[in-house]
Number of protein chains: 2
Amino acid sequence: MTARALANDIQLPAAHAIPEVPPAIARSADRAADAAHLLDNSKLAEPCRACAARGGCHATRLMAMMPGHTASPRLHSRTLSQGEHVFYEGAELKAVYAVKAGSVKTYLTGAAGDEQVVSFHFPGELLSLDALGTRLHGSSVMALENTVVCAVHVAHLEEYIRHSTGGLRWFLGLAAEEIVRHHHTSMLTRSKAEVRLSYFLLDLSMHFRGRGNYAHEFTLNMSRQDIGNHLGLAIETVSRLMTRFQRDGLLEVDRRRITIRDAAALGVMAKIPWRSRMQ
Amino acid sequence: MTARALANDIQLPAAHAIPEVPPAIARSADRAADAAHLLDNSKLAEPCRACAARGGCHATRLMAMMPGHTASPRLHSRTLSQGEHVFYEGAELKAVYAVKAGSVKTYLTGAAGDEQVVSFHFPGELLSLDALGTRLHGSSVMALENTVVCAVHVAHLEEYIRHSTGGLRWFLGLAAEEIVRHHHTSMLTRSKAEVRLSYFLLDLSMHFRGRGNYAHEFTLNMSRQDIGNHLGLAIETVSRLMTRFQRDGLLEVDRRRITIRDAAALGVMAKIPWRSRMQ
DNA sequence: CGCTAAATTGAAACCTTTCAAACTTCGTGG
DNA sequence: CCACGAAGTTTGAAAGGTTTCAATTTAGCG
């Protein structure tokens, strides 16, 4: 692998610039997280309300199953700065995490140290579901900005699914949703660059709309590098397409600020079927 | 969309050559399946034993939860010929299906009638998990050869997860496995054609090995068109790569019969990490 | 045995990546 | 508060890989 190729990969912050992060390090990081519970909730509750408005916020669900959640929920929360990790691939699963505020990226590390951004996650979404089988994290999660995550012990999750009303249905729906998302992204494999990027932007737009924000105006929390890596495109291609989309009046780009001007045309380009959740 | 582009899409058999299959049709097909239970089990049991040997056969799990499974399991089974559908996208979910014998492909239908092969499934695997949330099938499933599927009512599945020992753990693992598979395939998005195809062949090889068959010699149940569609490659590219792989001594290709000659080299080409389940 | 579908092979067009360089932004330190 | 350096982004030009178009060969089926 050339140095050029590596340049398109994720850059770990200096403190974590270790070729292979040993499980021991990751575990100690998790222990630190456990110690950082009993956090101020005034700020945490805010994004959850936004999620609840949507009715599909998984974080709210998880909050509801925490002991004493109504009055003053004692969450096992953790704040992260940009670049900090929630957990590393290979680490032991100690809890399922929900994003409370901010945003994160999930990525895999290849044999050659190269990395692949699998997905981005926003408030209300769960993070470590892929570890429920092996009990080892199959991916790493890094904060894209100042972020708050909430940890729920797996035992609590299992109890909730097994005994709570609607808990099982909730989880079945969650699993199904994950698979459907997989199906959608797999359609991008055969698509051209413009389809991938337009789909990505619209998907993001719908995410923000679902959270009660403007759908046509938002800021990208991730770098061009992350976008390109995630979509399987060179960052130059992403940049060029952004420019072209703006030239064609589809959207306005100001650094990481995106304004969608012609959502319909963008939808046609993304080849989004009507039945899809993004209409 | 040009006629040429459509040529790479799935061709429905004449009997089903309807642009949009109405849910009514799909539902009647499901009803026919329900009527076709009480099937001969002598042949059905065989692939299940093979799965049981592996220890991870979901069909076996599901069989175990059927009433009276030990002596003469009364399975809601259904036999399909090549080209027949288990269910169509948009149809109401009536049961979760497991492949008992044969093989199927799962695909989505786009707005323009174009289609995308999402995955292939073999004995022991479950099919309609993506419908557990909406209770509507999010994808269509077609038999690639003479195939037998077993239907398990969702209520039974839920009861099993909730009350049976290890049932929940089993399902959590299943969901996690699905997500991990998603992660792996998403790595192919940014890969070149040779990586995609070599990964596909090795993945298939491991599938067969897990089922007690030879890992280095197997036959492709699907057409080049299906392979190309699934991998996001033109069928010509698939064909050319097959030829090249053979020329380079990586494998031998005789029509749909594949013999892997140099699995190590193929693994290097596929960039498979050591920790992966495919070693 | 002939027809039709599937698969293979060749050549040109197209798209994306790669290489290279300039430019902008942001954080840090003077 | 400004300057500087590092990182991120944009833009151009050439190289490479994949698709498309076209034609041929092979296999499957009635």
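Here is how names work: the chains are called A, B, and so on, in the same order as the sequence lines, proteins then strands, and each is numbered from 1.
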Participant: Please state how far atom CE in A:Met242 lies from atom P in D:dT10, giving the value in whole angstrom units.
Facilitator: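 Going from CE in A:Met242 over to P in D:dT10 covers 7 Å.
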Participant: Taking for each residue the nucleotide of DNA chain D bearing the nearest heavy atom, is the 5' side occupied by A:Arg240 or by A:Lys192?
Facilitator: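 This one resolves to A:Arg240.
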Participant: So if I take every side-chain heavy atom of B:Arg224 and compare against D:dT18, D:dT11, C:dA7, which nucleotide ends up nearest?
Facilitator: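 Nearest to the side chain of B:Arg224 among the choices is C:dA7.
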Participant: Please write out the pairs of protein N or O atoms and N or O atoms of nucleotides 24-30 of chain D separated by less than 3.5 Å, giving the distance to one decimal.
Facilitator:
unit_1	atom_1	unit_2	atom_2	d
D:dA27	O3'	B:Arg255	NE	3.4

Participant: Taking atom NE2 of A:His216 and atom CZ of A:Arg209, what is their separation to the nearest 0.5 Å?
Facilitator: 12.0 Å
Participant: Side-chain contact test, heavy atoms from C-beta onward, threshold under 4.5 Å: evaluate it for A:Val141 versus A:Tyr97 and give yes or no.
Facilitator: no
Participant: Does some side-chain heavy atom of A:Ser128 sit less than 4.5 Å from a side-chain heavy atom of A:Phe87?
Facilitator: yes
Participant: Whole-Å distance between D:dT18 P and B:Leu197 CG?
Facilitator: 11 Å
Participant: Could you tell me whether A:Thr237 contacts a base, only the sugar-phosphate backbone, or nothing, with contacts defined as non-hydrogen atoms closer than 4.0 Å?
Facilitator: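 Here A:Thr237 touches the bases of the nucleic acid.
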Participant: Send over the distance from A:Leu233 CG to C:dT18 C1', rounded to a whole Å.
Facilitator: 14 Å
Participant: Between C:dA7 atom C1' and B:Asn229 atom CG, what is the distance in whole Å?
Facilitator: 16 Å
Participant: Quick one: the side chain of B:Arg247 and the base of C:dT9, do they pair up donor-acceptor inside 3.5 Å?
Facilitator: no
Participant: Heavy-atom nearest nucleotide on DNA chain C for B:Ser239 versus A:Val238: which residue maps closer to 5'?
Facilitator: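 Closest to the 5' end, via its nearest nucleotide, is B:Ser239.
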Participant: May I have the distance from A:Leu241 (atom CG) to C:dC15 (atom P), rounded to whole angstrom?
Facilitator: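 Computing the A:Leu241:CG to C:dC15:P distance gives 12 Å.
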Participant: Does A:Ser139 form a side chain to side chain contact (heavy atoms under 4.5 Å, CB included) with B:His183? I'd like the steps, not just the answer.
Facilitator: CA-CA 9 Å; A:Ser139 52; B:His183 288 177; 4.0 Å; yes
Participant: A side-chain contact here means heavy atoms from C-beta on lying under 4.5 Å apart; do B:Leu80 and B:Asn146 qualify?
Facilitator: no
Participant: Is there a donor and acceptor pair, one atom on the side chain of B:Glu236 and one on the base of D:dC21, closer than 3.5 Å?
Facilitator: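 Under the 3.5 Å cut-off, the side chain and the base do form a donor-acceptor pair.
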Participant: Let me know the distance between CD1 of A:Ile235 and P of D:dA7, rounded to the nearest Å.
Facilitator: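 To the nearest whole Å, that distance equals 14 Å.
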Participant: Working to the nearest 0.5 angstrom, can you tell me the gap between B:Leu250 CG and B:Arg261 CZ?
Facilitator: 11.5 Å
Participant: For the pair made of CZ in A:Arg244 and C1' in C:dC15, what is the distance, rounded to whole Å?
Facilitator: 11 Å
Participant: Applying a 4.0 Å non-hydrogen cut-off, can you work out what B:Arg256 is touching in the nucleic acid: base, sugar-phosphate, or nothing?
Facilitator: sugar-phosphate
Participant: CD1 of B:Ile227 versus C1' of C:dA7: gap in Å, rounded?
Facilitator: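 These atoms are roughly 11 Å apart.
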Participant: Rounded to the nearest 0.5 Å, how far does CZ of A:Phe245 lie from CG of A:Asp262?
Facilitator: 11.5 Å
